[in-house]
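Since the structure comes first, as structure tokens, the remarks are kept for the end.
Side chains are part of it too, since the values below use all heavy atoms of this structure and drop only hydrogens, waters and symmetry mates.
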Amino acid sequence: MTGMASRQFRWPLPVLAMLLLWLPMVAMAQTRAWLEQDSIAAGDAVTLHIETDQGAPDYAPLNADFVLSAQSSNRQVQWSNGGVQQRNLYTVALTPRRTGTLQVPSLQVGAARTVPLVLQVSDAVVATPQSNATAFIETEVDDPTPYVQQSVGVVVRLYFASQLASGELVLDTPSGASLQRVGEDRSDVRQVNGRRYNVVERRFLLIPERSGALRLPGARFTGRSAGGFFDDFFGSGGDGRMNAVGAERTLQVQAQPAQAVQPWLPLHSLQLRYTAAPSSARTGEAATVMVEAIANGATRAQFTDLPVPDLGDAAQVFAEPAQYEETFNGSTPRLKITRRYSIVPRQVGSLRVPGPRVAWWNVDSGSAQQASLPDLELAVAAGRAGAPVAQPIDTDAALPGDAAPAAASSLAPTAAGPRPWPWMAAAAGLALLWLLTLAWGWRRGRRAVVHTRPVPRPGASAPATSSRSSVAELRRAIDGEGFDQVEALLCSMAGVERLEQVIERLADPAQRQTLQALQQARWGGMGDVSALRARLRESFRDGPHWSAATAAVDTGLPPLYPPRQP
């Protein structure tokens, strides 16, 4: 029995060797974290080191108070105390999102956790050209006292004296406004205080959504220089790290004036001019009128189309879609609109074409103004006999149903000529053959569509008849875009031009009430924008609920699945 017991507790030599090798590794296993510095200035970055024999750390809790960059890892294997030890070193650069006492939270690293760390973040020292800094930032705002929904141009210029190996320039979106980057960066070289700087200029479009004080945070730059003799001479640091923070700006946003005209159009200036203005015309032939508008302080989404002249029964007017060109004039957004009108007189005599008139609000003088052009006087002569009748394409709206006969009678040739009956008969035969081919193809396509299209449920929402935008685009606009973009997407999904028409088409009372609140907040400059965004997000979570179609279209085709006989 004694020998048997001793054999039960005897360990084989390979197992003992493994145990002796494993025990030192267990003793050395540990997970620890430390910061390169305990205190930094706003805009600077600090490196967090994590040493562990576990897996990779979960950095997600750091995103609340820090911007993460320059993540790296390094694995080392070494002999220690007679055993093999594996050590992983993880590093990540942390840029604080705010000042004060920040806590680096405990992070999960495999089965272990790191201890929390404390970091002191002081206010940043804003570098200026006079300080001869290696890098500094200038921020230019074209209007420090804008109105609600006014387009404000913001230009951020980064000056750096060293060649960059990498870098990031960030301007955070302020609360109570939308901020959108416009165009591409511009590069330049300038001399400041006798020192040569590379300059990167970035442009933004800021649109305030409510009145009151608007705090625009300073732009931040974090990067690394390529290094060199001049960097060491001017004291840029041995690690090549470059940081710069711009000064904060506070804008005083004014509410929309009570006497302002609608639609609300706040601008610095607005000029109209004719680029084509005829003085004569002929019946049945198109005379071209072209109008150009230059608006300083406007964007395409903000500016309404140039008006179409109303000539009644005296002439037909065909307006082509407006052409837009968005640029910057210094730090101010600039919009150029060009629109072409084709005017077809119906009778001989004098034709007066009213000049366009656009009401707008002068943000510089704080007054309502109207831009206008003089009326045009066209001397209309009889059209040439046998001349082809001009047929411009009306891209904005179809003519009324009763306008076609009147136009046909007024534009008929004045002199009779020989009728080319053989050609007319051949053309009629070709047209009939084309119609038969089209009908045959339509019936085949209709059957294929019926087989693949699901049968709509009774009372289902009617789809929009014009260009549509996806629900995903609407959600992104509600979360991160301005209210004008939300309105434009809803109008596009409904196939209408105004938000009032969208409200009329909605079947959901809650969605209609939310859009009415959107109108009040957008134009009145009042209310909690964050709460309104949350309300929009909740109401349009699954997209707009349109009113059901009034009647089904009878195609004249038998149903794909005939009803069963009882």
Side-chain angles (χ1 to χ4, degrees), residues 28-77 86-124 165-176 178-181 215 217-224 239 241-245 471-481 529-531 533-534 536-538 541:
M28 292 298 295
Q30 60 180 339
T31 295
R32 65 189 186 97
W34 70 94
L35 291 172
E36 194 176 46
Q37 296 172 280
D38 294 334
S39 61
I40 59 174
D44 292 344
V46 64
T47 302
L48 172 65
H49 300 265
I50 299 177
E51 186 182 62
T52 181
D53 61 353
Q54 304 289 314
D58 180 12
Y59 291 139
L62 297 173
N63 292 316
D65 290 328
F66 301 94
V67 177
L68 279 59
S69 61
Q71 301 181 25
S72 64
S73 62
N74 183 25
R75 176 176 295 180
Q76 298 179 354
V77 178
Q86 177 178 307
R87 184 181 65 176
N88 297 327
L89 180 63
Y90 297 90
T91 60
V92 58
L94 307 180
T95 303
R97 298 183 184 272
R98 56 186 177 86
T99 59
T101 302
L102 302 185
Q103 184 181 69
V104 178
S106 173
L107 302 180
Q108 187 72 40
V109 185
R113 294 191 69 90
T114 63
V115 296
L117 303 173
V118 177
L119 178 66
Q120 295 290 337
V121 182
S122 60
D123 292 335
S166 62
E168 183 181 22
L169 181 62
V170 179
L171 179 61
D172 294 329
T173 302
S175 177
S178 63
L179 185 69
Q180 178 184 359
R181 182 176 170 181
R215 174 184 167 271
R220 306 188 310 274
F221 169 73
T222 303
R224 288 184 178 273
D239 59 354
R241 205 176 271 178
M242 297 173 60
N243 300 310
V245 178
V471 177
E473 291 176 346
L474 178 61
R475 291 173 180 169
R476 287 194 294 268
I478 292 175
D479 289 337
E481 301 291 344
V529 176
S530 301
R533 286 191 186 273
L536 282 167
R537 192 179 300 110
E538 176 64 25
R541 181 176 59 253

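- Taking both residues in full, the closest heavy atoms of P96 and V121 are given as CG-CG2, 3.6 Å, listed atom of the first, atom of the second, then distance.
- Listed here is the closest heavy atom pair of A111 and Q54: N-OE1, 3.4 Å.
- Contacts of R113 classified as side-chain hydrogen bond (donor to acceptor under 3.5 Å, both in side chains), with partners at least two apart in sequence or in another chain: S106, Q108.
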Return all side-chain donor-acceptor pairs below 3.5 angstrom for residues 55-69, not counting sequence neighbours, or 'none' if the list is empty.
from: D58; atom 1: OD1; to: A60; atom 2: N; distance (Å): 3.2
from: N63; atom 1: ND2; to: A60; atom 2: O; distance (Å): 3.4
from: D65; atom 1: OD1; to: R98; atom 2: NE; distance (Å): 3.4

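- Closest approach of T95 to A45, counting heavy atoms only: OG1-CB, 3.6 Å.
- Shown here for T31 and A112, the closest heavy-atom pair between the two residues is OG1-CB, 3.7 Å.
- Qualifying side-chain hydrogen bond (donor to acceptor under 3.5 Å, both in side chains) partners for S175, counting only residues two or more places apart in sequence or in other chains: R210.
- For the pair Q71/Y90, no side-chain contact is recorded, criterion being any heavy-atom separation below 4.5 Å from C-beta on.
- With salt bridges taken as basic N to acidic carboxylate O contacts below 4.0 Å, one links D172 and R220.
- A distance-only check finds no donor-acceptor pair linking the side chain of S39 to the backbone of Q120 [under 3.5 Å].
- Counting all heavy atoms, side chain and backbone alike, A33 lies closest to I50 at CB-CG1, 4.0 Å.
- In this structure, T114 OG1 and R32 CZ are separated by 12.5 Å, a value rounded to the nearest 0.5 Å.
- Each of V46, L94, T101, L48 was compared with L119 under the side chain to side chain contact (heavy atoms under 4.5 Å, CB included) criterion, and only V46 meets it.
- Note that CG of N243 is 4.5 Å distant from OG1 of T222, once rounded to the nearest 0.5 Å.
- Taking 4.5 Å as the limit, every side-chain heavy atom of R215 sits out of range of all side-chain heavy atoms of P174.
- The shortest heavy-atom contact between L169 and A219 is CD1-CB, 4.4 Å.
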